[in-house]
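Accompanying notes for the structure given below.
For clarity, every value in this text was computed on a predicted model and none was experimentally measured.
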Amino acid sequence: MDNMVDDKKKPFNFFQRFLLVIVIPLMFAVVVALILMIYSGADVVSKGKELMNHIPFLSSEKASTDQVIADNKQNIADLEKQLKEQTANIESLESQLKASEAESKSLKVDKIKLQNQLDELKNTQEKTQKAFDDIVKTYETMSAKKSAAILSAMSQDEALKILASLKPAILATILEKMEPSVASKYTELLAANSASESSSDTSTDTASSE
């Protein structure tokens, strides 16, 4: 019985005092202020947006997003240029290889040299492709909202190339976070791109069977 009386007489701990003295009155004051602002005709939503724009964390996040956009645009442009150059070199070397096969045995040494160069170029191309894949993985691990903001600010060709390389589930979540008009545009472009690739594959299979 004495223990029960003692328990009732225990003073509030620090956390309980903090809730009663600061948190609950503060929450009540905020609610009252919002009600007064609404009845006075103030635009609460606009005021909230202005307040959010002055929050340092959000401002720094926007600056970080702009920097990511600039860096990724430059990286993608450089990688695409390298891929095109390497593809052209590979095609040229493959053409030379085919021509060398028709020549005499005395050209075998040249063929070996060309093959070594071709292997080296293919290895370099694989590394370049891996770098591009790493960029794609960055967007896959990033939040859908942030990815959508960055991709929407890119050029259409750059954004389409990345979107076409994303996993279907991640692609769907990113498109959902885009503006409806932007998401609709890229959905149509991705569908057209997929149809074009399917048509190209069918033509290749037909030519192979003939």
Scan the side chains in residues 116-127 for donor-acceptor partners under 3.5 Å anywhere in the protein, sequence neighbours excluded, and list what turns up.
from: Asn116; atom 1: ND2; to: Ile112; atom 2: O; distance (Å): 3.3
from: Asp119; atom 1: OD1; to: Gln115; atom 2: NE2; distance (Å): 2.9
from: Thr124; atom 1: OG1; to: Glu120; atom 2: O; distance (Å): 3.0
from: Gln125; atom 1: NE2; to: Thr87; atom 2: OG1; distance (Å): 3.2

> If two hydrophobic side chains count as joined below 4.5 Å and joins carry through other members, does Met142 share a cluster with Met154?
Replying inline: yes
>> As an exercise, state the distance from CG of Asn75 to CD1 of Ile135, rounded to the nearest 0.5 Å.
In response: 5.0 Å
> For the side chain of Asn89 and the backbone of Glu85, is there at least one donor-acceptor N/O pair under 3.5 Å apart?
Replying inline: yes
> What's the verdict on side-chain contact (heavy atoms from CB on, under 4.5 Å) for Ile150 and Tyr139, showing C-alpha distance, side-chain angles and the deciding distance?
Replying inline: CA-CA 9 Å; Ile150 295 173; Tyr139 283 93; 3.3 Å; yes
>> For Ile174 versus Ser147, what's the shortest heavy-atom pair and its separation?
In response: CD1-CB, 3.7 Å
>> Would Asp157 and Lys161 count as a salt bridge (Lys or Arg N to Asp or Glu O under 4.0 Å) here? Give the steps.
In response: CA-CA 6 Å; Asp157 291 339; Lys161 186 176 180 66; over 6 Å; no
>> Counting only heavy atoms from other residues, nucleotides and ligands, does the tally under 6.0 Å from NZ of Lys177 exceed 12?
In response: no
> When rounded to the nearest 0.5 angstrom, what is the spacing between OG1 in Thr128 and CD in Gln86?
Replying inline: 4.0 Å
> Looking only at heavy atoms, what is the nearest atom pair of Ala148 and Ser152, with distance?
Replying inline: O-OG, 2.7 Å
>> Applying side-chain contact (heavy atoms from CB on, under 4.5 Å) to Asp134 and Thr138, what does each step give before you reach the verdict?
In response: CA-CA 6 Å; Asp134 289 340; Thr138 299; 5.5 Å; no
>> Quick check on the hydrophobic clustering: are Met178 and Leu189 connected, directly or via other members, by side-chain heavy-atom contacts under 4.5 Å?
In response: yes
>> Could you report the tightest heavy-atom contact between Ala131 and Leu79, atom names first, then the distance?
In response: CB-CD2, 3.8 Å
>> Do the side chains of Asp133 and Lys137 get close enough for a salt bridge, i.e. N-O under 4.0 angstrom?
In response: no
> If we only count heavy atoms from C-beta on, is the Leu171 to Leu190 side-chain gap below 4.5 Å?
Replying inline: yes
>> Minimum heavy-atom separation for Ile69 and Ala153, please, with both atom names.
In response: CD1-CB, 3.6 Å
>> Does Asp78 form a side chain to side chain donor-acceptor pair (under 3.5 Å) with Gln82? I'd like the steps, not just the answer.
In response: CA-CA 6 Å; Asp78 293 342; Gln82 292 179 33; 5.9 Å; no
> OG/Ser155 to CD1/Ile76 distance, rounded to the nearest 0.5 angstrom?
Replying inline: 8.0 Å
>> Can you tell me how far apart OH (Tyr186) and OG (Ser181) are? Round to the nearest 0.5 Å.
In response: 10.5 Å
> Roughly how far, to the nearest 0.5 Å, is CG of Leu163 from CD of Glu158?
Replying inline: 11.5 Å
>> Distance check, rounded to the nearest 0.5 Å: Leu175 atom CG versus Ile170 atom CD1?
In response: 12.0 Å
